Structure formats: C-alpha cells, structure tokens
Amino acid sequence: MTDFYPIRVSELNKETKDCMSITFDIPKEHKEKFLYKQGQHLTLKASINGEEIRRSYSLCSSPIENKWQVAVKRINGGVFSNYANDVLKEGDFLELMPPLGSFFVEAEPSKTKNYIVFAAGSGITPILSIIKTHLATEPNSTFKLFYLNRNVKSIIFKEEIEALRNKHFGRLEIFYFLTKEQRDIPLLNGRFTTEKIQELTKKVIDVSNVDECFLCGPEEMIFLIRDELEKAGLPKDKIHYELFFSGVTEEDKLRAAEVVEHKYEGTEVTIIDGGKEFHFEMDDDYDNILDGALGAGADLPFACKGGVCSTCKCKVIEGAVEMKVNYALEEDEVAKGLVLSCQAVPTTEKVVVDFDV
C-alpha cells in the first residue's frame, strides 16, 4: 500500500545559499513506521500549484539521533526544490512515505572496519547518515571521505562534517575536491578523473584494507570511480552506490525504444499490494506497469519515475517484463526477479507482480 502520513515540518535551516535542510516532527504513534537505516530515503508529497508532486530525498540524519532530516538542493526549474527553498515554512505539513532504500550495510559494533566514501554536492546526504552511524556504533572503524563541490561556500554540512572529524579524532579523514576554486594541492582541484582515482589508490587508499565503499553522485562520476576501484582490486560486492541524478543518454533512449518494441499488447496484469490483488489490462497509452496500474486506478508507491530511486520496485511472480533503464537495482536483486515497475514493460500475455517485497 502507498501509505503517506501528514508530518509537520519542525525546523528549516539554510545550509548553503541553494540548499535547505528540513527536519520533521514524527508523531509518537508513527515513529515505529518511520524507523530507518542509515542511507535510506523519504518520499515527500506536496500539492504545488494544484499538481501532486513526489520526490525522494535521502535522510542526512542518523537513526541514532532519533531525528528525521533531509536536505533539498535547489535545481533550476525544479518544482519541489524551489518550493522547499522559497515557500515551505516551519509548521507546514508535508505528506511522507515511511523510509525505503537499500543503500546501507548493517553496523557491526564488535568489528573494526575501514570505509571509503565518495560524494558530490547533495550526494553527501546519505553518506553523512552512514558516516555518523558507523562512527558512533563501531568505535574502532574509520572513514575516508572524498567530497566534490564547486567551492568552499557550496559545501553542504561542512560544519557538521568538521565537527564529526573533531569528535572522532583520527577516525575520519576528509578530502575536499573543488571545481571552481583553486587549492594548493593539484589533486584536489577539479572533478574526479581516472587519473585522480588511480593516484588516490596508490597514495591515499589502501584498497586491500577497505571493507566497504559508498558512492553517491551523478551517474558518470559513480561509474568512473566504481570501475577504477574494481581495477585497483576492490571486490565488486564491497562497492555500494546510489544515484541522485541521472541524465538520459542517447544509449538509454535507444534501449528504452527497443524495449518498448517488445511490449505485448493488452497484457493482463495482476498487482499484489498489501496482501490484496488488483487486476487490469494494459492500455495502449501506457508502456510500463506502474503507469498502466495508476491509469487503471491503483494506488502504488512511486517517486522519481526515472528508474533511479527504487521506490516502485516489485517482484515478478509470473510472466515476463523488460526494463527500459535501471539505475537502482543491483544485479543480484534483478536475478531474484525484482524490477522497477516504472521501467517494466510487459512482454507476455499475463504478468503478476508483487509489491510486498
């Protein structure tokens, strides 16, 4: 079921000139539903100029803080991001879906683990939650943070990050990379490149001693770092990533068009959600299961509709589908039959999908 709850905005803070943090006052009766893991996200819903807008934002707070906070960075033309930065007030209510996401590993207090984390801009939000949680609950673990921004003034949560370094002295190393401000160290000037990652793995990162790696940022950055770390010897299963933005490439468009060509006309779809079944026939106006279901009157969880956030994931129980794009699910999840319903084009006469996963 798509359960949204009206939640009051308890605090707004201007973190940078174009980024607002929003703290929510979760009522006692809903706190159990809103328990979360570090690295998970909230889906926010608001009516803006008469239109229902949904967006997913990673929690930058840590579950150990008993706090629910996200950061919304202004995007040119962004309906929700401009609303959050210009219109939203303390005391206002937003509709929230309970936390979702798999961008985390369980904390292991008895173990000594070494983490490396890469973030760009607002990609720091889930990374900050992860850093705070593991430093507090794993007293012997360490972090190396590589954080890319335009300039010093645009660094989101800089004071909080510096405070964490002071609080956990010797366990958190920070490397700020800037694209619009020159530093004395050439390595720290400009975006992450193949050459820079290679230099980091030779001089700064002991790949053989890394237990987990988390990446959050644009697709191009994430895949470059992932590939270079793998080449340097870091096992694939230790690299976890989450995209906060993905531009649609020409290759994506071609693949999506090819997948739509395989669509079976008039597929009988059964949705299992909340233990109940919803039946409908795919309409010619829709090419994916989510839009088809919504058009038929179903109430299903979704946010980005771009294959990035995984809010709409479900499991194929019967029949077959092809995904146009997939930026959110890992290979092992796809192997288990999980798909993103916003990208899932039915290719058989009958398809049954289960959202209770």
Side-chain angles (χ1 to χ4, degrees), residues 2-25 40-60 68-101 120-126 149-150 154 156-157 216-219 242-249 252-253 256 285-288 290-295 298-313 324-325 327-328 340-343:
T2 309
D3 292 325
F4 279 91
Y5 300 86
I7 304 295
R8 189 177 70 88
V9 174
S10 61
E11 190 177 343
L12 292 170
N13 283 306
K14 203 78 171 168
E15 302 296 340
T16 65
K17 71 178 179 117
D18 59 357
C19 181
M20 183 76 74
S21 67
I22 308 171
T23 305
F24 297 102
D25 181 15
Q40 289 192 309
H41 63 264
L42 291 172
T43 298
L44 282 53
K45 182 171 73 171
S47 178
I48 303 173
N49 298 325
E51 182 183 0
E52 180 189 292
I53 303 294
R54 300 185 185 195
R55 295 290 186 270
S56 290
Y57 293 100
S58 296
L59 285 145
C60 49
W68 288 258
Q69 184 184 59
V70 301
V72 180
K73 186 176 181 180
R74 188 191 301 278
I75 299 171
N76 287 335
V79 177
F80 192 94
S81 67
N82 283 295
Y83 170 80
N85 278 272
D86 298 334
V87 180
L88 193 65
K89 303 184 299 296
E90 292 180 358
D92 285 351
F93 282 78
L94 289 173
E95 296 277 322
L96 267 61
M97 191 188 294
L100 293 168
S122 58
I124 192 62
T125 50
N149 287 277
R150 293 192 307 275
S154 70
I156 305 169
F157 298 121
C216 189
E219 175 188 349
E242 184 160 274
L243 305 173
F244 67 81
F245 169 78
S246 179
V248 180
T249 65
D252 293 334
K253 291 176 183 176
D285 292 337
Y286 305 110
D287 63 28
N288 65 80
L290 177 65
D291 283 343
L294 295 175
D299 183 20
L300 295 173
F302 71 90
C304 76
K305 285 193 176 183
V308 175
C309 74
S310 82
T311 303
C312 70
K313 74 178 177 181
K324 292 186 286 184
V325 297
Y327 303 111
L340 304 169
S341 61
C342 72
Q343 301 298 314

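We use all heavy atoms of the structure for the numbers below, so side chains are in, but hydrogens, waters and symmetry mates are not. Residue indices begin at 1 and follow the sequence shown. Given the structure is predicted, the values throughout are model-derived calculations rather than measurements.
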- Item | With sequence neighbours excluded, residues passing side-chain contact (heavy atoms from CB on, under 4.5 Å) with Asp287 | Val260, Lys324

- Message: Is the shortest side-chain heavy-atom distance between Pro301 and Met97 below 4.5 Å?
- Response: yes

- Task: Flag the pair Gln343 / Asn288 as yes when at least one side-chain heavy-atom distance between them is below 4.5 Å, and no otherwise.
- Result: no

- Okay, side chain of Ser341, backbone of Cys312: is any donor-acceptor separation there less than 3.5 Å? yes

- Lys14, NZ atom: more than 12 neighbouring heavy atoms under 6.0 Å: yes

- All ring-ring contact (aromatic ring centres under 6.0 Å, His included) counterparts of Tyr5, not counting sequence neighbours: His30, Phe34

- Query: Can you check whether Leu96 reaches Phe4 side chain to side chain, under 4.5 Å on heavy atoms?
  - Reply: no

- Item | Pairwise distance CG(Leu300) to CG(Leu294) - rounded to 0.5 angstrom | 5.5 Å

- Message: Can you confirm whether Ser21 sits close enough to Phe157 that some side-chain heavy atom of one is under 4.5 Å from a side-chain heavy atom of the other?
- Response: yes

- Could you tell me which residues satisfy side-chain hydrogen bond (donor to acceptor under 3.5 Å, both in side chains) with Ser58, sequence neighbours excluded, listed by chain and number? Glu242

- Is any side-chain heavy atom of Glu15 less than 4.5 Å from a side-chain heavy atom of Met20? no

- Item | For the student: nearest non-hydrogen atoms of Pro99 and Gln40, plus distance | CB-OE1, 3.9 Å

- Query: Between OG of Ser56 and CZ of Phe302, what distance do you get to the nearest 0.5 Å?
  - Reply: 10.5 Å

- Residue pair Ala71 / Thr125: nearest heavy atoms and the distance that separates them: CB-CG2, 3.6 Å

- Grab the two heavy atoms, one from Ser81 and one from Val72, that are nearest each other, plus how far apart they are. CA-CG1, 3.6 Å

- Message: Can you tell me how far apart CG (Asn149) and CD1 (Ile124) are? Round to the nearest 0.5 Å.
- Response: 8.0 Å

- Task: Please test Arg55 against Thr43 for side-chain contact (heavy atoms from CB on, under 4.5 Å), starting from the C-alpha separation and ending with a verdict.
- Result: CA-CA 6 Å; Arg55 295 290 186 270; Thr43 298; over 6 Å; no

- Indicate the atoms forming the closest heavy-atom contact of Tyr327 with Leu340, along with that distance. N-CD1, 4.4 Å

- Test side chain to side chain donor-acceptor pair (under 3.5 Å) on Asn82 and Asn85 and set out the steps. CA-CA 5 Å; Asn82 283 295; Asn85 278 272; over 6 Å; no

- Taking the side chain as every heavy atom from C-beta outward, state whether Leu94 and Leu88 have any atom pair closer than 4.5 Å. yes

- Query: Just wondering, do Val9 and Phe93 contact through their side chains at under 4.5 Å, heavy atoms?
  - Reply: no

- Can you tell me if CG on Asn76 sees more than 12 non-hydrogen neighbours from other groups inside 6.0 Å? no

- Query: Do side-chain atoms of Glu90 reach the backbone of Leu12 as a donor and acceptor pair under 3.5 angstrom?
  - Reply: yes

- Distance col, row Phe24:CZ vs Arg8:CZ, nearest 0.5 angstrom, shows 11.5 Å

- Message: Just so I know, are the side chains of Tyr57 and His41 near enough to count as touching, which here means a heavy-atom distance under 4.5 Å?
- Response: no

- Considering all heavy atoms, the nearest Leu42-Pro98 contact: CD2-C, 4.3 Å

- Rounding to 0.5 Å, atoms CG (Asp18) and OG (Ser154) come to a distance of 7.5 Å

- Message: Using modelled atom types and a 3.5 Å cut-off, is there a donor and acceptor pairing between side-chain atoms of Asp86 and backbone atoms of Tyr83?
- Response: no

- Message: Determine whether a donor-acceptor pair (N or O, by modelled atom type, separation under 3.5 Å) exists between the side chain of Glu95 and the backbone of Ala46.
- Response: no

- Derivation of the side-chain contact (heavy atoms from CB on, under 4.5 Å) call for Thr311 and Arg54: CA-CA 11 Å; Thr311 303; Arg54 300 185 185 195; over 6 Å; no

- Message: To the closest 0.5 Å, what do you measure between OG1 (Thr23) and CD (Gln69)?
- Response: 4.0 Å

- Closest non-hydrogen atom pair, Cys216 against Pro126: SG-CG, 3.7 Å

